[in-house]
Amino acid sequence: MKQAYQKLDVPKKNSVEMPSKVLLVDDEKEFVLTLSERLQIRDMGTAVVYDGKSALDLVHNDAPEVMIIDLKMPAIDGMEVLKQVKQTWPEIEVIVLTGHGSEQDKKKCMDLGAFTYMQKPVDINLLSKFLKKAIEKIRTNQ
Amino acid sequence: MGNNKEVLSRGGMQFFSKMSASATHEIKNTLAIINESAGLLEDLSMMGEKGKPLSPERVNDISQRVIRQVQRANFVLKKMNQFSHSVDRKTQIADLEETVCFVLDLASRLIEMQGVVIKVTSPLSRIMVETNLFYLENMIWKAIETACFAAKEKKQVVISFGTDVAVPSIWFSMDLVKDNLMDDLFGSKEDCALIAHLNISIKKNKANYSFGLLWPKRFNPITPN
């Protein structure tokens, strides 16, 4: 079976632990592929899917440590993915990254158990910081 | 009458807001891609400084991506600007097919989100109506939204135009429809106000899962300029 989470074969710059399994879910392909490459450059292992159903399938087969999901997607939207993931796999941390967020959406996502809620365009350093915090939380809870 | 006008205006505001929200979201998405592309170039150049060569093909790929996104955002802005001018005149002569295609472009993201494929069959000759363009666009959007919701399994909608030049009409056909949907089409207060303002009628054809927007019969068809 093909490895779902890809990592760049580059020497580590530092000893900071970063997630090795980050699943990015967004129907904006060029966005999510570019973001994925940038996270790989920052020592993370990433997988990319473009819709909610594929995300849930991958979570079922090869669960990520952290997910980054968009809210507005065809068929199963990000809110539904978040709800299902946190119900079945509460140990997975979910970062919502959206271009269309309202305060109501933010509250709903946080109530559903999102780790954090971010707006596009995103600052990669801030996103990396949250990914690092998410993995620290996971390690603490293990 | 005053109340009807208020209902019509409120519906119009909701339509304008929905289109604006969709357009701004799409522009935000293009900005997010441009932002990540610029960031990736920065990352690659930093890696270059550390000895990992940066290939010209890679730089070209990224710059092409930025160009595509600028064109995409420009298309959305042009449509949004055109849409904003729909309210400039109380009435004007509108081409029904052009207006349908314009609304499909304007709402392309919203339609895509529903996973519905819409096919437009052109009329034999141009069909013109004198109307309030903004409310015509509003009515066409309501019909598209209804048809997309109705299209049950195959998620396909065909938009066509009536062949009787004396009675301009737009038809929305689905392969199957959700149960009972055809019974209460366009029954809300907002829908009724819009239908009355445009002086059109709705014809349902339950047997072949379609409905039409029909203008009153006329004896002197409007000819295109």
Side-chain angles (χ1 to χ4, degrees), chain A residues 8-14 24-44 46 48 50-54 68-80 95-105 118-128, chain B residues 17-55 58-59 61-73 76 107-117 148 151 153 155:
Chain A
L8 278 189
D9 188 19
V10 289
K12 283 203 169 190
K13 291 187 283 287
N14 52 45
L24 296 106
V25 192
D26 198 314
D27 63 327
E28 283 287 339
K29 293 186 182 177
E30 292 198 330
F31 170 76
V32 75
L33 287 170
T34 314
L35 182 60
S36 164
E37 187 173 353
R38 297 192 73 200
L39 295 179
Q40 286 181 23
I41 289 171
R42 286 160 178 77
D43 294 333
M44 285 173 247
T46 62
V48 168
Y50 309 117
D51 59 80
K53 188 187 175 300
S54 306
I68 299 174
I69 59 170
D70 185 21
L71 286 185
K72 307 282 177 189
M73 289 184 292
I76 305 175
D77 67 16
M79 198 81 80
E80 184 57 32
I95 293 174
V96 175
L97 178 55
T98 181
H100 195 69
S102 63
E103 278 304 309
Q104 276 174 316
D105 284 341
M118 303 180 82
Q119 292 271 356
K120 289 180 191 171
V122 70
D123 175 348
I124 193 83
N125 294 322
L126 191 61
L127 178 62
S128 300
Chain B
S17 305
K18 190 155 196 168
M19 295 302 126
S20 305
S22 173
T24 50
H25 185 203
E26 191 154 2
I27 292 166
K28 218 169 181 197
N29 274 334
T30 66
L31 289 175
I33 296 169
I34 292 168
N35 182 57
E36 289 314 315
S37 302
L40 181 58
L41 277 177
E42 198 180 356
D43 290 347
L44 294 174
S45 77
M46 277 170 75
M47 286 164 78
E49 281 169 14
K50 289 177 183 168
K52 191 169 194 288
L54 176 57
S55 87
R58 200 71 226 285
V59 175
D61 279 351
I62 299 168
S63 77
Q64 290 302 316
R65 186 183 305 159
V66 172
I67 290 168
R68 274 198 303 278
Q69 294 308 319
V70 170
Q71 286 169 342
R72 178 180 165 197
V76 176
S108 59
R109 203 187 141 269
L110 293 171
I111 296 164
E112 204 182 301
M113 296 295 286
Q114 299 185 54
V116 177
V117 176
C148 286
E153 281 170 14
K155 297 258 178 191

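Since the structure is predicted, the reported quantities are computational estimates derived from the model, not experimental observations. Lettering follows sequence order; numbering is per chain, from 1.
- With chain A as partner, the option from Asn29(B), Leu31(B), Ile34(B) having the largest number of non-hydrogen pairs under 4.5 angstrom is Asn29(B).
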Output side-chain donor-acceptor pairs under 3.5 Å for residues 30-38 of chain A, partner residues at least two apart or in another chain, one line each.
| unit_1 | atom_1 | unit_2 | atom_2 | d |
| --- | --- | --- | --- | --- |
| Glu30(A) | OE1 | Gln69(B) | NE2 | 2.8 |
| Glu30(A) | OE2 | Arg68(B) | NE | 3.2 |
| Glu30(A) | OE2 | Arg68(B) | NH2 | 2.3 |
| Thr34(A) | OG1 | Glu30(A) | O | 2.5 |
| Thr34(A) | OG1 | Arg65(B) | NH1 | 2.7 |
| Ser36(A) | OG | Thr46(A) | OG1 | 2.8 |
| Glu37(A) | OE1 | Arg58(B) | NH2 | 2.7 |
| Glu37(A) | OE2 | Arg58(B) | NH1 | 2.6 |
| Glu37(A) | OE2 | Arg58(B) | NH2 | 3.4 |
| Arg38(A) | NE | Asp43(B) | OD2 | 2.9 |
| Arg38(A) | NH1 | Glu36(B) | OE1 | 3.0 |
| Arg38(A) | NH2 | Gly39(B) | O | 3.4 |

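- Residues Pro121(A) and Ala32(B) share a closest heavy-atom pair of CB-CA, 4.0 Å.
- Note that CD1 of Ile41(A) is 5.0 Å distant from CG of Leu44(B), once rounded to the nearest 0.5 Å.
- The structure places CD of Glu26(B) at 7.0 Å from CD of Glu28(A), a figure rounded to the nearest 0.5 Å.
- Atom CD of Glu42(B) has 12 or fewer heavy atoms from other residues, nucleotides or ligands within 6.0 Å.
- Judged as a ring pair (Phe, Tyr, Trp, His ring centres under 6.0 Å), the pairs with a partner in residues 21-40 of chain B (not counting sequence neighbours) are, in order, His100(A)-His25(B).
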